[in-house]
Each structure stands twice: as structure tokens, then as C-alpha cells.
Trainee: 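Submitted below is the structure of interest, expressed as C-alpha cells.
Just so we're on the same page: letters track the sequence lines, and every chain starts at 1.
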2 protein chains.
Amino acid sequence: MPKLWDATIDAHRNAVREAVLDATAGLAAAHGVASVTMSQIAEAAGIGRATLYKYFPDVESILRAWHERQVGAHLHQLQAVREQAGDPGRALVTVLETYARICQAQHGGDVAAMLHQGPHMAHAHQHLQTLVAQLLADGVRTGDVRDDVPAPELAGFCLNALRAAASLTSKAALSRLVAVTLAGLRPPA
Amino acid sequence: MPKLWDATIDAHRNAVREAVLDATAGLAAAHGVASVTMSQIAEAAGIGRATLYKYFPDVESILRAWHERQVGAHLHQLQAVREQAGDPGRALVTVLETYARICQAQHGGDVAAMLHQGPHMAHAHQHLQTLVAQLLADGVRTGDVRDDVPAPELAGFCLNALRAAASLTSKAALSRLVAVTLAGLRPPA
């Protein structure tokens, strides 16, 4: 087989895989992640059920792959927001606001708990923890962040505090949560 | 059957049930909650395996009953601490410190995620959220707590923030987490 053919096959496989994950995301958003079935996913992705089973053995494995892609996209978004912010103080605020918005959009329940147990989540949390700890260390240098608590501990504090966004329904409440969290980070008077 | 006999039977059943949960707690503490088996529990509780199966169908149901008892004990402890504290400002600090210590002692993993999905947890969280929101509303009246954010939102902030204690290993780090959380609650300068 020529290499070009292998590349074509790979590209096709990736395109089908992405279509399956997009279809799953659409169904999960419309009807809730717990109700999604293999038949619905195949139909929404425009492939046969038999083809779908060549890619994924069950709904759980699709949900895991979809969740992994979601988590990766969120990390990417947080890094982009950080780079666009320019000065360190602004970067900390926008990264925390963006993380709070991501948490607000999350849904709980059994499926979420199952997905959050994957090894990709431990890796993503570590990544996020490091990103925020670096921003906080920058903030300590500029005097915007308290220096009496190690930056990794402050990062754990903010990331947990902002998860309270999951039960908030308004933008105003989200802004208040970010403000209260930032107040905890400021140097004591 | 006389009523006295029924009462004796009930007391015996409760005693066996408690012994099973105590045995499970001991095994979970010694070897981790994920490795506990029905045989180990029966042996540690001093009953036969057949008797154990008359009380609980599987390890999961025992772990759920044990976890429910644990969560109830933690709520009881938090309420006791609140009542002993006397003045409202002191009550808020000691309740938050106690909750942080409870979170620090928790273990994560698949089993913990499974146990935390039970309806008793939703109920316990609601209870805890109400307890802390009341303490915060008291704090607003005495001027110790900021009045620009509704007390239930502040309660969600503290309880999430203090869950960061789960990854802290020292008492000093725990005190720092409580201090940072309290700083977020204070009236803005």
C-alpha cells in the first residue's frame, strides 16, 4: 500500500471519530448525558450502528473520549485566555473568571462523577493547578497576591472555591464568586 | 409474640448492623475502602457470612450504609461545635475549621465518588449549606462578614474552598486554607 493511502485512511478514521464525538456532544447537550444510546449516536453521526461499534465498544467509551476532548478544549481555552491577557494581574482575573464559567456550565450526576474519575482528569487538574499556581506566583511578585501562603495552596483554594459556580445560575452571582475568591488571595491589610 | 420480644429482636438486629458497619469502618481505614470483602467484614464483625447476607446483599450496600452513618456523624459534630462556640464569630471560625479537618481526612478514588452520589449526600450538603449560611447571616449582622453577597452564595464559596483540604497534608496548611477562606468572607476594605 502506498503511504498516501494510509494517510487517507487515517484522515477518514479521524473524521468519523470526530463526527461521533460531535454527535454525542449534541445529544448530551439536548437530552442529558445519561440518556444517550449507541443507536442515537450512529444516526446523529450519519453512520451505521455496525460501523460505530468498529470505533467504540459502548456508550461509556464514547462518553470518556468525548469528555477527554472537552477537558482538553477547556485547558486550551484557559491557556489562550492567559496569553491574550497581557499583564499578570489581568491574566489571573480572566483565567479565574473563565474557569468559573466552565464550572457553571457543568452538569452533575452519576455520569459526570464517572467521567471525572478518568486518568485524563487527574492529568488535567495537575495542568490547571500548575497554570494557576504560576499566575499566583507572578501576582506575589507584583504585590497583587498574598505572600504568606504557598502559591500551590492558593491555587487549590481558588480552583475549589470556583467550583461553587456549578450551582450558580446567574452571571451576577458568578462575578460575585470570582470577587470573593480574589478577596481571599489579596495581601492581608 | 409479646412486644418485649419484638423490642429484643430489634435491639439485636441494630447491634449486629452497627457491628457490621464498625467492622467495615475498621477494614476501610486499615486497607482502603476499595479492597473490603464480605468475608472480611463477616469475620471482623464476629458473624457468619450467611448471617451477613441476611443484613446486606453486597459490599456496596454496606459501604453506603457506613458512609451514611459517617456523614450523619460529621453533621452532628459540626452542629455540636457550633453550639459549644458561644458567640457567632467564633462559631463560624470553628465550624469552618472542623469542616476543613473532615475534608482533610477524606480519601478520594472511585469508591468515594460512588458513595458521594447517594441521595443522603445531597441531603447532608443541603443541611450543611443551611447551617453555614445561617452562621454567615449572623456574621453579616455583627459586621464580621461582607453584606454585598447573599449568605447562601458565600456558604457555597466556603464549603467548596475548604474541600481543597483533601489534598493538604499538614495542620499548618489547613490553618492557612481556613485563613484565606475567611479573608474572602470579610467586608471589603
Trainee: Please look at B:L154 and chain A and tell me whether the side chain, the backbone, both or neither of the residue comes under 4.5 angstrom of a heavy atom of that chain.
Mentor: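 Contact with chain A is through the side chain of B:L154 alone.
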Trainee: Among B:P150, B:P188, B:A179, which has the most heavy-atom pairs under 4.5 Å with chain A?
Mentor: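 Top count of heavy-atom pairs under 4.5 Å with chain A: B:P150.
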Trainee: A:D148 and B:R176: which non-hydrogen atoms are nearest, and at how many Å?
Mentor: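 What the structure gives for the nearest pair is O-CD, 3.7 Å.
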Trainee: Are A:L136 and A:V95 connected into the same hydrophobic cluster when the rule is that any two of I, L, V, M, F, W, Y join if their side-chain heavy atoms are below 4.5 Å apart?
Mentor: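 Yes, A:V95 connects to A:L136 through the hydrophobic network.
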Trainee: With a 4.5 angstrom heavy-atom cut-off, is it the side chain or the backbone of A:S167 that approaches chain B, or both, or neither?
Mentor: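 Nothing of A:S167, per the 4.5 Å heavy-atom cut-off to chain B.
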Trainee: With chain B as the partner, which of A:A122, A:A161, A:A183 has the greatest number of non-hydrogen pairs under 4.5 Å?
Mentor: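 When all of A:A122, A:A161, A:A183 are compared, A:A161 has the most.
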Trainee: Select one option (side chain, backbone, both, neither) describing which atoms of A:R146 are under 4.5 Å from chain B's heavy atoms.
Mentor: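 Contact with chain B: side chain only.
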Trainee: Let me check something: do B:V132 and B:V140 share a hydrophobic cluster, defined by ILVMFWY side-chain heavy atoms less than 4.5 Å apart, either directly or through other members?
Mentor: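 Yes, B:V132 and B:V140 fall within the same hydrophobic cluster.
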Trainee: Distance check, rounded to the nearest 0.5 Å: B:L159 atom CG versus A:N160 atom CG?
Mentor: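 B:L159 atom CG to A:N160 atom CG measures 11.5 Å (nearest 0.5 Å).
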Trainee: Which heavy-atom pair separates A:G156 from B:A164 by the least distance, and what is that distance?
Mentor: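 Distance-wise, the nearest heavy atoms are O-CB, 3.5 Å.
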Trainee: Which bit of A:L182 comes within less than 4.5 Å of chain B, counting heavy atoms only: side chain, backbone, both or neither?
Mentor: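 Contact with chain B involves no heavy atom of A:L182 at all.
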Trainee: Check whether A:L162 and A:V145 end up in the same hydrophobic cluster, where Ile, Leu, Val, Met, Phe, Trp and Tyr are linked by side-chain heavy atoms less than 4.5 Å apart.
Mentor: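 Hydrophobic grouping puts A:L162 with A:V145.
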Trainee: With a 4.5 Å cut-off on side-chain heavy-atom distances among I, L, V, M, F, W and Y, is there a chain of contacts connecting A:Y99 to A:M121?
Mentor: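 In one cluster with A:Y99: A:M121, no.
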Trainee: Check this for me: A:Q129, atom CD, are more than 12 non-hydrogen atoms of other residues, nucleotides or ligands nearer than 6.0 Å?
Mentor: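 For A:Q129, atom CD is crowded (more than 12 foreign heavy atoms under 6.0 Å).
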Trainee: Could you give the distance from CG (B:L168) to CZ (A:F157), rounded to the nearest 0.5 Å?
Mentor: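 Those atoms lie 12.0 Å apart.
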Trainee: Would you say A:L92 ends up clustered with A:L128 if hydrophobic residues are merged whenever their side chains have heavy atoms under 4.5 Å apart, either directly or through other cluster members?
Mentor: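 A:L128 and A:L92: one cluster.
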Trainee: Determine whether A:L177 and B:E153 make a side-chain contact, defined as any pair of heavy atoms from C-beta on separated by less than 4.5 Å.
Mentor: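 No. Closest side-chain heavy atoms not under 4.5 Å.
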